[in-house]
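Quick notes on the structure that follows.
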Amino acid sequence: MAGKALILVENLSVPFDRRVWQESTTLRDAGWEVHVICPRGTRRDSEPYVELDGVRIHRYPLRAATGGPLGYLREYGSALWHTFRLARRIGPVDVVHACNPPDLLFLVARMLKRRGARFVFDQHDLVPELYLSRFDRGEDFLYRMVCRLERLTYRAADVVIVTNESYREVAITRGGKRPEDVFVVRSAPVIERFHEVPAEESIKRGKPYLLCYLGVMGPQDGVDYALRALARLRDELGRTDWHAVFVGAGDAFDDSVALSRRLGLSDSVEFTGRIPDKDLLRHLSTADVCLAPDPLNPLNDVSTMNKIMEYMAMARPVVSFDLREARVSAGEAAVYAPANDESQFAKLVARLLDDPDERRRMGVVGQARVRGPLSWERSAAALLAAYETACS
């Protein structure tokens, strides 16, 4: 069934987007000629064109959105124009594989479908829920617009790929797709990338324990909840025997740093920004407890959090709010505070700090899940089955 596949992604550069890179290399190994169109990175992935490990990556310049929804409309309009331009240059393909957000890439897919391509929609996010969770504007005109774009994307797709069963249910019920045309391809960490290295006590800045957050820092990602929980850990529980490191970046990064200062956490909390893999492994290998503070909202409750999967790959215990898909991913590898309850979140952190045996047990459970039922090998089989269905 192998042929020529074109993957479209706007949210991140490739191979920095680990899910898209895993899909690309899986298809390459199955004999597909794989092209990817994506934005250029800033500090990495900056070449306009590169062939990397047999995958041909075409990148375009893109200025990230600032401000509210209008900033995203400008960003998406620019990305769509560049994607059309590069897709014409690449020429006819057998499969066009579009990853959201935004739910606008179906316009490029429709052009390629007229030339004989099949359309695989890879739904990374539920954009209507993302809009409600990020902007707090309610079901206004723009919300209704993103709902319509989602419907048009579903309608154009021959096959839909989703990251979990909650998204699959949405594709079938809200999207009207046949169950046999919707495939769960979970995001899973690359085990070879996430491996333990010797812990480094210097990272703890002289404290007995290290807490670690890894991930994007957007308005819906809960870094503010984590910081307020850490302030409660100090003020309500009297715990100052920890140092916390927040690894990652995003459009809430500056606000998060400012909040940590207002809470008097500057001496206890460190923000690294994005760091190389070798430094990431040093931090996670040293961490005693990892934080997944994503609050309950329409998006987070049904989304699989990559940070949780990566914590488990590193055999680290997790403290999370009680979200439906967080429980599906982590199971007994995490403890769960009532949704958005910062005091209970702090108490669970303290409980794990005082129980090294439980931390070790949770780490073993999580690592076994990532290497077994949640492994990329299983998702790779589902991806190839989706392509086979699209082309049959």
Side-chain angles (χ1 to χ4, degrees), residues 11-12 16 41-43 63-72 74-75 130-137 203-207 209-276 279-280 283-284 286-287 289-297 299-300 303 305-308 310-311 318-321 337 339-350:
N11 203 32
L12 290 172
F16 182 69
T42 51
R43 298 182 181 178
R63 179 179 297 178
T66 57
L70 290 180
Y72 283 88
R74 287 191 291 270
E75 175 190 327
L130 176 61
Y131 181 85
L132 292 175
S133 302
R134 187 177 181 90
F135 296 115
D136 195 26
R137 294 165 58 101
I203 297 176
K204 297 183 179 183
R205 300 292 191 266
K207 298 298 179 73
Y209 303 111
L210 181 70
L211 311 177
C212 194
Y213 171 93
L214 165 64
V216 176
M217 298 184 186
Q220 73 275 14
D221 294 307
V223 175
D224 54 334
Y225 282 82
L227 292 170
R228 289 191 294 267
L230 294 181
R232 291 177 182 272
L233 180 62
R234 177 196 62 197
D235 299 337
E236 296 178 2
L237 302 177
R239 299 293 294 258
T240 59
D241 54 350
W242 50 270
H243 181 69
V245 176
F246 286 72
V247 179
D251 51 5
F253 181 88
D254 291 339
D255 290 340
S256 299
V257 173
L259 176 60
S260 73
R261 291 171 181 160
R262 291 198 301 272
L263 293 171
L265 292 170
S266 297
D267 293 336
S268 303
V269 173
E270 177 183 353
F271 291 87
T272 68
R274 292 195 176 108
I275 57 178
D279 294 326
L280 172 62
H283 283 81
L284 289 177
T286 306
V289 174
C290 287
L291 310 177
D294 309 86
L296 176 66
N297 59 39
L299 178 69
N300 289 346
S303 296
M305 302 301 170
N306 288 339
K307 65 174 72 69
I308 290 180
E310 291 164 353
Y311 296 156
V318 183
V319 178
S320 170
F321 288 123
N340 306 354
D341 189 328
E342 296 157 0
S343 289
Q344 290 300 316
F345 194 98
K347 289 177 182 177
L348 289 176
V349 171

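Just the heavy atoms: all of them, side chains too, but no hydrogens, waters or symmetry mates, feed the values below.
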* To do: Provide the closest heavy-atom pair for P295 versus F321 in the form atom of the first, atom of the second, distance.
  => CA-CD1, 4.1 Å
* Would you please test D221 and D294 for side chain to side chain contact (heavy atoms under 4.5 Å, CB included) and show each step? => CA-CA 5 Å; D221 294 307; D294 309 86; 4.1 Å; yes
* **Shortest non-hydrogen contact between L280 and I275, atoms and distance** => N-CD1, 3.5 Å
* Asked: So do L291 and F345 actually touch side chain to side chain, heavy atoms under 4.5 Å?
  -> yes
* To do: Compare every heavy atom of H243 with every heavy atom of K207, then report the nearest pair and how far apart it is.
  => CB-N, 4.0 Å
* Is there a side-chain contact between L263 and V269, using heavy atoms and a 4.5 Å cut-off? -> no
* Tell me the salt bridge (Lys or Arg N to Asp or Glu O under 4.0 Å) pairs involving residues 253-275, sequence neighbours left out? -> R205-E270
* **4.5 Å side-chain heavy-atom contact, R234 and S268** => no
* What pairs with F253 under ring-ring contact (aromatic ring centres under 6.0 Å, His included), at least two apart in sequence or on another chain? -> F271
* To do: Compare all side-chain heavy atoms of C290 with those of L284 and state whether any distance is below 4.5 angstrom.
  => yes
* To do: Please report the shortest heavy-atom distance between M305 and N300, naming the atom on each side.
  => CE-OD1, 3.4 Å
* To do: Heavy atoms only: give me the nearest A346-L237 pair and the separation to one decimal.
  => O-CD1, 3.7 Å
